[in-house]
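Here the structure is a predicted model, which is why all the values come from computation and not from measurement.
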Amino acid sequence: MKIVIQALDFQITNHLESFTKNCVQKLIQFPESIIRTELILGEDFQTPGNTKFCKIRLISSDNVHIVSQYGVTFEEAVVTAITELSNKINKETRKNLL
C-alpha cells in the first residue's frame, strides 16, 4: 500500500508524518485490497475552534472511500478521520456479507 501525505501551507514534521503513517498502517487489517491512501492535512481558518483537518482518500481494488475530519491538532484530526474510515469500511464489509 502506498501512502501519500500532502501538507497544505505548512512543513510537515517528522513526528506528524510518522504518526500519520502508523495510523494508516492499521487499515491493513481490512479484507479489501488497499492500493493507495492519500491524506491532505491543512488548516481551515474559517472554522471556529477545530481548525486542523485531515482528508483521506483510500483507493482499493474495488472501491474508493473518502472522509474528512477536523480536530484541535493534526493528530486528533488524523485519528478521527481514520476511525471514521474504519467504521465506514466495517459497515460496508458487513453489508456485503449479508
Side-chain angles (χ1 to χ4, degrees):
M1 167 178 53
K2 183 170 185 172
I3 300 171
V4 178
I5 303 171
Q6 179 183 1
L8 300 180
D9 299 324
F10 76 97
Q11 183 67 36
I12 191 167
T13 64
N14 289 337
H15 166 75
L16 181 57
E17 182 176 11
S18 175
F19 177 85
T20 302
K21 285 183 177 180
N22 285 337
C23 287
V24 172
Q25 289 293 336
K26 294 177 183 175
L27 293 173
I28 293 176
Q29 68 177 329
F30 292 104
E32 293 186 276
S33 177
I34 299 172
I35 299 168
R36 180 181 174 104
T37 304
E38 301 168 349
L39 294 96
I40 299 174
L41 303 175
E43 292 190 66
D44 181 357
F45 298 105
Q46 297 177 355
T47 304
N50 297 341
T51 61
K52 310 286 194 277
F53 68 83
C54 174
K55 295 182 182 181
I56 303 175
R57 183 172 172 234
L58 185 140
I59 303 163
S60 69
S61 59
D62 60 346
N63 209 341
V64 175
H65 299 280
I66 300 172
V67 298
S68 180
Q69 286 293 324
Y70 287 84
V72 175
T73 65
F74 286 115
E75 289 84 356
E76 180 184 346
V78 167
V79 168
T80 306
I82 292 288
T83 301
E84 180 184 345
L85 186 57
S86 297
N87 291 340
K88 192 174 189 179
I89 293 170
N90 279 330
K91 183 177 179 181
E92 186 174 293
T93 301
R94 281 190 301 256
K95 180 180 170 185
N96 289 339
L97 292 176
L98 297 176

**Message:** Going by ring pair (Phe, Tyr, Trp, His ring centres under 6.0 Å), name the residues that satisfy it together with Phe19, two or more places apart in sequence or in a different chain.
**Reply:**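 Testing Phe19 for ring pair (Phe, Tyr, Trp, His ring centres under 6.0 Å), a comparison that skips the adjacent residues, returns none.
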Gap between atom [atom2] of [Y] and atom [atom1] of [X] - 0.5 Å precision:
X     : Y     : atom1 : atom2 : value
Ile34 : Asn63 : CD1   : CG    : 11.0 Å
Leu85 : Leu39 : CG    : CG    : 9.0 Å
Ile82 : Asn22 : CD1   : CG    : 11.0 Å
Ile35 : Met1  : CD1   : CE    : 11.5 Å
Ile56 : Glu38 : CD1   : CD    : 11.0 Å
Glu75 : Lys52 : CD    : NZ    : 9.5 Å

Are [X] and [Y] in one and the same hydrophobic cluster, where Ile, Leu, Val, Met, Phe, Trp and Tyr link if side-chain heavy atoms are under 4.5 Å apart?
X     : Y     : value
Leu16 : Ile5  : yes
Phe10 : Val78 : yes
Ile12 : Leu8  : no

**side chain to side chain donor-acceptor pair (under 3.5 Å) against Glu17, all qualifying residues, sequence neighbours excluded** =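 For Glu17 the side chain to side chain donor-acceptor pair (under 3.5 Å) partners, ignoring immediate neighbours, are Lys21.
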**Item:** Residues forming a side chain to side chain donor-acceptor pair (under 3.5 Å) with Glu84, sequence neighbours excluded
**Value:**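 Only Gln69 meet the side chain to side chain donor-acceptor pair (under 3.5 Å) criterion with Glu84.
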**Request:** Over all heavy atoms of both residues, which pair between Val79 and Cys23 is shortest? Give the atoms and the distance, please.
**Result:**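 Smallest interatomic distance, heavy atoms only, reads CG2-SG, 4.3 Å.
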**Prompt:** Going through the checks in order, is the side chain to side chain contact (heavy atoms under 4.5 Å, CB included) test met by Thr20 and Ile3?
**Reply:** CA-CA 9 Å; Thr20 302; Ile3 300 171; 5.8 Å; no
Heavy atoms, side chains only, cut-off 4.5 Å: are [X] and [Y] in contact?
X     : Y     : result
Phe74 : Thr13 : no
Ile89 : His65 : yes
Tyr70 : Thr80 : no

**Request:** Decide side chain to side chain contact (heavy atoms under 4.5 Å, CB included) for Val64 and Arg57; before the verdict, give the C-alpha distance in whole Å, the side-chain angles of both, and the deciding distance to 0.1 Å.
**Result:** CA-CA 7 Å; Val64 175; Arg57 183 172 172 234; 4.0 Å; yes
**Request:** For side chain to side chain contact (heavy atoms under 4.5 Å, CB included), just list the numbers for Arg36 and Val4, CA-CA rounded to whole Å, side-chain angles, deciding distance to a tenth of an Å, and then say yes or no.
**Result:** CA-CA 8 Å; Arg36 180 181 174 104; Val4 178; 3.4 Å; yes
